[in-house]
Amino acid sequence: MNAILLIAHAPLANALRQCVLHVFPDCGPSVVAIDVQPTLSPEETLATARIALEQLGQSPQVTGVLVLADIFGATPSNVAQKLVDGVRSRLVTGVNLPMLLRSVSYRNEPLEALVSRAVVGGTQGVMQVAITAPQNQPRRTNDQDKYDHQQ
C-alpha cells in the first residue's frame, strides 16, 4: 500500500486531510498533512517533511509515498522536490480534493499507476458547469407569451 503526504500552504494540507477522512475514515494513518507556515523557513519545513516521510516509510505495509503539493514553484512544492527520490516516492503538484480522493481510493496500486490516477482525478475534477438556460426549462402552463422564456 502507498501512503500519501500532503504539503501545502496553511491550512490547506490539514483541511484536505480532514475532507478525505470524512469520506474514508479508515485512511488516517496513511495520509499525513504538513501545513507550510509563513513564519517558518523552507529549511525548517523540509526538516519536518523529512521526518514525516521517514515515519511513513517505516511502516512495513507502505511500499511507496505519493507526495501531493499545492502550487508548482511555491515553497511547498520546492520542499517536496527535495524530498522525493523518484523511486519510493513521487511528487504531483496542483493538489485538489478530487485528486486526493482518487489517490486514497487507489493507494493499493503500484506507485506509478497511483501517480497516473492522481493526475487524472485532479484534471477530471475540474470542469466548467453550465447553468441551465431559461430556454431549456419546461414551459409553465400559465405563460401568456410563448417567447417570454427566451433571452
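Listed for the Asp70 side chain is no donor-acceptor partner under 3.5 Å among the backbone atoms of Val95. Asn96 places a side-chain N or O within 3.5 Å of a backbone atom of Gly122 that can act as its donor or acceptor partner. In this structure, the side chain of Arg107 engages the main chain of Val104 through a donor-acceptor pair within 3.5 Å. Using modelled atom types, no side-chain atom of Ser59 and backbone atom of Leu56 make a donor-acceptor pair closer than 3.5 Å. Under the 3.5 Å distance criterion, the side-chain polar atoms of Asn2 are matched with a main-chain donor or acceptor of Glu109. In this structure a side-chain-to-backbone donor-acceptor pair under 3.5 Å is present from Thr48 to Glu44.
Between atom CG of residue Leu114 and atom CZ of residue Arg102 there is a gap of 11.0 Å, rounded to the nearest 0.5 Å. Summarising the geometry, atom CD1 belonging to Ile71 is positioned 9.5 Å from atom OG belonging to Ser77; distances are rounded to the nearest 0.5 Å. Put simply, OG on Ser30 and CG on Leu66 are 11.0 Å apart, with the number rounded to the nearest 0.5 Å. With rounding to the nearest 0.5 angstrom, the OG1 atom of Thr93 is 7.5 Å from the CE atom of Met99. Between the CG atom of Leu21 and the CG atom of Asn14 there is a distance of 9.5 Å, given to the nearest 0.5 Å. To the nearest 0.5 Å, atom OG1 of residue Thr45 and atom CG of residue Asp35 are 10.0 Å apart.
Under the 4.5 Å side-chain contact rule for hydrophobic residues, Tyr106 and Val67 do not share a cluster. Following chains of ILVMFWY side-chain contacts shorter than 4.5 Å, one cannot reach Val32 starting from Leu100, and the two form parts of different hydrophobic clusters. Hydrophobic clustering (side-chain heavy atoms under 4.5 Å, transitive across Ile, Leu, Val, Met, Phe, Trp, Tyr) groups Ile4 together with Val20. Leu40 and Val79 fall into different hydrophobic clusters, defined by Ile, Leu, Val, Met, Phe, Trp and Tyr side-chain heavy atoms under 4.5 Å apart, directly or through other members. Residues Leu6 and Val115 are members of one and the same hydrophobic cluster, defined by side-chain heavy-atom contacts under 4.5 angstrom among Ile, Leu, Val, Met, Phe, Trp and Tyr.
Considering every non-hydrogen atom in both Ala10 and Gln37, the closest pair reads CB-NE2, 3.5 Å. Of all heavy-atom pairs between Asp85 and Val87, the closest is OD1-N, 2.8 Å. The nearest pair of heavy atoms linking Gly121 to Pro98 is O-CB, 3.5 Å.
Between Val92 and Val119 there is a side-chain heavy-atom pair separated by less than 4.5 Å. Residues Leu111 and Thr63 fail the side-chain proximity criterion, which asks for heavy atoms closer than 4.5 Å. The shortest distance between side-chain heavy atoms of Gln81 and Leu91 falls below 4.5 Å. The shortest distance between side-chain heavy atoms of Arg50 and Leu83 falls below 4.5 Å. For the pair Asn108/Met1, a side-chain contact is recorded, criterion being any heavy-atom separation below 4.5 Å from C-beta on.
For the side-chain contact (heavy atoms from CB on, under 4.5 Å) with Pro76, the qualifying choice from Ile34, Leu12, Val36 is Val36, the only one to do so.
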Stepwise, does the side chain to side chain contact (heavy atoms under 4.5 Å, CB included) test hold for Leu46 with Lys82? CA-CA 8 Å; Leu46 179 58; Lys82 294 176 183 174; 3.9 Å; yes

